[in-house]
There are 2 protein chains.
Amino acid sequence: MSNRNELPRQRRGSEQITLKQVAEAAGVSAITVSRALNTPERVNDTTRERILDAVERLGYVPNLVAGSLASSRSRFIAVIVPSLANAVFIEVIHGLQEAFEARGYQILLGNTDYDLQREYQLVRTFLGWSCSALVTAGLRHNEACLGLLRQWDKPVMEVMELGEGLDLNVGLDHQHAGRHMATHLLERGYRSIVYVGACMDRDYRAAMRFAGHREVLEAAGLPTPLVELARLGSLEAGAEGLDRALAERPEADAVHFANDDLAVGALLHAQRRGLRVPQDIAIAGFNGLPLGQHVTPRLTTILSPRATMGRVAAKQVLKRLDHDSDNALDNTLKPPCQHDVGFTLSVGEST
Amino acid sequence: MSNRNELPRQRRGSEQITLKQVAEAAGVSAITVSRALNTPERVNDTTRERILDAVERLGYVPNLVAGSLASSRSRFIAVIVPSLANAVFIEVIHGLQEAFEARGYQILLGNTDYDLQREYQLVRTFLGWSCSALVTAGLRHNEACLGLLRQWDKPVMEVMELGEGLDLNVGLDHQHAGRHMATHLLERGYRSIVYVGACMDRDYRAAMRFAGHREVLEAAGLPTPLVELARLGSLEAGAEGLDRALAERPEADAVHFANDDLAVGALLHAQRRGLRVPQDIAIAGFNGLPLGQHVTPRLTTILSPRATMGRVAAKQVLKRLDHDSDNALDNTLKPPCQHDVGFTLSVGEST
DNA sequence: TAAAACGATGTTAGCGCTAACATTACAGCG
DNA sequence: CGCTGTAATGTTAGCGCTAACATCGTTTTA
C-alpha cells in the first residue's frame, strides 16, 4: 500500500535561503527577485532596493546550479590545456582569466597532460556543465572529441597555433617560427646546427617548429640532426639536451632548443662546463620567457605573445557571446575565424 | 483569458539527449540509468551493459547541472589563489589539480589579485555552485567572507600558511622561515642585512617572513632596514630591489629577498653590474624555484614544498569528503586540523 | 515455515530557479 | 473614448536529474 495523502516525502533539508524566501520578505514574487538580480534595469528602482535589502538581510546566496538548469546556460568558460607545468600555458590562462572574470564568467580549468583521450573526457564533462564557451589548446583532437565539439552550438576557441580550426582560432604559425629561427642561425654563420626537443610526439607544436627548422637547413644543403629528450621541458632536461647534442655531434656550433626552459638550462649548464656561449656553442630558444632575458649572455629566442593570446582569445569569444545573445535565433553562418598573433625574433648574445 | 487546456508552452528546445531517452532506448526507467552511471555496482551487470550501450549509441552527455541540483552537490572544488603570476600558486594548484582530478573532481579556479573583497565575491559565487569543498590561500579573509565560510557545512581548506584556521589547514610557518634565513645570514658573518619585499601590505606572508627576520636581527642588536617595492615579484623588480638596497645602504653586505623571483633578478643584475656574489654582496631568497638552483652562484633559499602542499591539502580534503559521505548525518565535531609541511634551508653559493 | 533481509528496479515528487506567456495600470494619440 | 503601446509585475510550467520511498521476487534466518 502506498502512503498517498500523507505528509510529503522529506528531502535532505538544504536549509538554504532561497529566492522564494527573499521574495516573501520583500513582498514580491520570485520572478521579480530573479529579475532584480539578473536584469536590474527591468525592475522598478524602489522595488529593487527593497529586494536587495532583503537579500542582504537574509544573507541570500543565489543557487547558480538551479539558475543554470532553468536557463540552460552557465557562466562557465571551459579552458583545456595540455600541461600546468609549462609557464606558457599558465600565461595564456592568466590572460583568459583576466578577461573572462572581468565580464563575470568563471573559468573551468582542465589539464590533459598531453593526452587526447583525457581531453575528450574533459570536454564531455564540461559540456555537461552547459559552459558558455570552450577554449582549448591546439588544433588536434581525437575523433570522439571532434564529434562532440562539432555538434555543440556554443563558441569553441582553439588557441596556441594557427590553422584550420573548428570555429574560432587564435595563435601563431609554429612552422614559420621554426623557419625564422633557423634562418637567423644561418645568417649568423652557423653551419652545424642541432635541434633539441622534448617529447615531440606529444608536444607536436615543437615538432612543427622543427619541421620549419629542417625546411630551411635542407634548403641550404645542411644536415638536420635531432636530439629528442624523454621528459618535458625543464632546466634539467636542457642541460641533458646540451650534453647529448655535443656528444652526438661534437662539431656542432649551434643548438636550437624547442623552448626557453631547455635553452636556459643548457646555457647555464654550458657555463658550468666552461663552454663559452656563443663562441664555443650558440644557443637559441623559443617562447621568450622572462628568465631567458636575464641570463648572461641574453638568450636569442622567439617571443610569443602569450598573455596577449589569452586576452585576444577571450575578447573574440566574448564578442561572439555578446553577438549570440543579441540575435538569439540567428542560425546564420558563423565563419571560422583565424587570428594570427605573430611572434618576434629577439636576438640576444647567445647566438 | 488564459490559454489553459491548450498546447503546453514551448521552452527553447535544448534538443539534447536526456536520461529519459536513454532509459527508453534501453527499456528501463530513468532512475536505473542514473544508477548505472553513478553507482554501477547497484545495477545488474546485463542491465548495465544494455544501458551503457544505449548511452554510447545515442551519444548521451549527462547534464551535470541537473544532477547537481537534484542531489545538491556538484563535484566541484573551489580553489582561490591571490595571484596567477606567481609560480608558487601555480605549483600548489598543480598539486591540487592532480589529486582532485584523479578522484573525479573538477577544479573551479578563482584569482583574487590579493583583494579580500574579491575573495568574498568568489566565495559567494562558488558556494552558489554547491562546491564539494573550498580551498583558499591564506588565513586572512574579510568579515563577510568569514561569515559565509563559517556557516557553510562543507570542508574549507586554507593552504600556504600555518595557524588558527576555519577548518582544515596545511602550510608552513612563514615567520619561522624568516627567522631561519636571518639566522643563517648571521652565522655566515653578515652584519648589514637589507630585507627587500614587494607589496607587503598585500603579500602579508612576505611580511610575516620579514617579521621573523627582524626578530632575529633585533635580538642580535642589528638594524633592520627594509626596502619595499611597489610591484609584485619579478626578475625586473629584483634588479630594482638590489639597486635600491645598495643606494639606501651602501654598506650592506647581504640582501634577504622576499622570494626567489626577486632574488634571482637581483643576482643576475649584480653580475651585470660587475658585483661579485657573495663577496661584494650576498643574496638570499625564499621558495626554492628551480631557477634559483641553476644560476651561478646557486641561490641560497628556503625550499617550500609547494606541490606537496597541494597534494597534502587535496588528500586531507578528500579524506574529509569520504568520511562525510560515509556517515552522512553525523554532526559530530570536525576538529580544525593543522598540518605543517615544513621547509628546508638550501644553502647555495650566493651567501 | 513464517518472518525478516536483500537485491534489483520502479514511482513520485521535488531540487531552486527562470522562460514564456498573462495581467494590470497607465500613457499617448487620433 | 477606444486603440495600441509599454513598463512593471505575476502565474505557470518546466529545466533534467536524483532522493526517498515503494514494490516484488529471491534468499537467508530464527
Side-chain angles (χ1 to χ4, degrees), chain A residues 1-24 26-48 50-51 60-74 128-130 325 328-329, chain B residues 1-24 26-48 50-51 60-74 128-130 325 328-329:
Chain A
M1 208 92 330
S2 89
N3 72 342
R4 65 201 64 239
N5 77 25
E6 300 307 327
L7 42 152
R9 294 159 182 222
Q10 277 302 95
R11 251 188 165 177
R12 67 249 145 271
S14 78
E15 279 135 44
Q16 203 192 65
I17 304 289
T18 70
L19 243 206
K20 212 165 149 190
Q21 295 174 50
V22 175
E24 272 163 28
V28 294
S29 70
I31 192 72
T32 305
V33 178
S34 171
R35 285 199 271 252
L37 296 173
N38 298 316
T39 51
E41 73 282 3
R42 301 180 55 174
V43 172
N44 183 287
D45 289 0
T46 60
T47 313
R48 183 170 61 246
R50 201 148 32 91
I51 291 171
Y60 170 63
V61 176
N63 184 325
L64 301 173
V65 178
S68 293
L69 179 60
S71 65
S72 71
R73 61 195 147 65
S74 69
W129 282 110
S130 318
S325 67
L329 288 179
Chain B
M1 209 93 322
S2 91
N3 72 343
R4 66 198 64 238
N5 76 25
E6 300 308 327
L7 43 152
R9 296 159 181 222
Q10 278 303 93
R11 249 186 166 173
R12 70 250 143 268
S14 77
E15 279 131 44
Q16 204 194 68
I17 305 290
T18 69
L19 242 205
K20 213 167 148 189
Q21 295 174 49
V22 175
E24 270 162 30
V28 295
S29 69
I31 192 73
T32 305
V33 177
S34 171
R35 286 198 270 250
L37 295 173
N38 298 316
T39 49
E41 72 282 3
R42 300 180 56 174
V43 171
N44 183 288
D45 289 0
T46 62
T47 313
R48 184 170 59 244
R50 202 147 33 90
I51 290 171
Y60 169 64
V61 176
N63 185 324
L64 301 173
V65 179
S68 293
L69 179 59
S71 65
S72 72
R73 59 194 150 66
S74 69
W129 282 111
S130 318
S325 68
L329 288 177

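Chain identifiers are assigned alphabetically (A, B, ...) following the order of the sequence lines, protein sequences preceding nucleic acid strands; residue numbering begins at 1 within each chain. Just so it is clear, the values below take in all heavy atoms, side chains as well, and ignore hydrogens, waters and symmetry mates. What you are looking at is a predicted structure, and each value in this text was computed from that prediction instead of being measured.
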Seminar exercise, completed: 5'-most contact on DNA chain D (nearest-nucleotide basis), B/Val33 vs A/Ala66, goes to A/Ala66
Exercise. Is the number of heavy atoms from other residues, nucleotides or ligands within 6.0 Å of CZ (A/Arg50) greater than 12?
Worked result: yes
Exercise. Could you state the CG-P distance from A/Leu37 to C/dA19, rounded to the nearest angstrom?
Worked result: 13 Å
For this session: Indicate, with a heavy-atom threshold strictly under 4.0 Å, whether A/Val65 touches base, sugar-phosphate, or nothing.
Result: nothing
Seminar exercise, completed: Sorted by chain and number, sequence neighbours left out, salt bridge (Lys or Arg N to Asp or Glu O under 4.0 Å) with A/Arg48 holds for A/Asp45
Problem set entry | Separation of atom CG in A/Leu19 from atom P in C/dG16, rounded to whole Å | 11 Å
Exercise. Are A/Ser34 and C/dT18 close enough that a side-chain N or O sits under 4.0 Å from OP1 or OP2?
Worked result: yes
Exercise. Looking at C/dG16, D/dG16, D/dG10, which one has an atom nearest to any side-chain atom of A/Thr32?
Worked result: D/dG10
Problem set entry | Out of C/dG10, D/dT9, D/dG16, whichever nucleotide has its closest atom nearest the side chain of A/Arg35 | D/dT9
Exercise. If each of B/Arg73 and A/Ala30 is mapped to the nucleotide of DNA chain D with the nearest heavy atom, which maps nearer the 5' terminus, i.e. the 5' end?
Worked result: A/Ala30
Exercise. How close or far is atom P of D/dA22 from atom CD1 of B/Ile31, stated in whole angstroms?
Worked result: 15 Å
Problem set entry | Min side-chain heavy-atom separation A/Ser68-B/Trp129 under 4.5 Å | yes
Exercise. How close or far is atom P of C/dC6 from atom CZ of B/Arg42, stated in whole angstroms?
Worked result: 13 Å
For this session: Measure the CD-OH distance between B/Gln16 and B/Tyr60 for me, rounded to the nearest 0.5 Å.
Result: 7.5 Å
For this session: In whole angstrom, give the distance that lies between atom CG of B/Asn38 and atom C1' of C/dA8.
Result: 17 Å
For this session: Establish, with yes or no, whether the OP1 or OP2 oxygen of D/dC15 is under 4.0 angstrom from a side-chain nitrogen or oxygen of A/Ser68.
Result: no
For this session: Rounded off to whole Å, could you give me the CG-to-P distance for the B/Asn44 and C/dC6 pair?
Result: 19 Å
Exercise. Under 4.0 angstrom, heavy atoms only, what part of the nucleic acid is B/Thr47 near: base, sugar-phosphate, or nothing?
Worked result: sugar-phosphate
Exercise. So, is B/Ser71 close to the D/dT18 phosphate, meaning a side-chain N or O under 4.0 Å from OP1 or OP2?
Worked result: no
Exercise. Rounded to the Å, how far apart are A/Arg50 CZ and D/dA8 P?
Worked result: 14 Å
Seminar exercise, completed: Rounded to whole Å, the CD1-P distance (A/Ile17 to C/dG16) equals 11 Å
Problem set entry | A/Tyr60 side-chain N/O to C/dC17 phosphate OP1/OP2 under 4.0 Å | yes
For this session: Would you check if A/Pro62 and A/Leu19 make a side-chain contact, meaning some heavy-atom pair closer than 4.5 Å?
Result: no
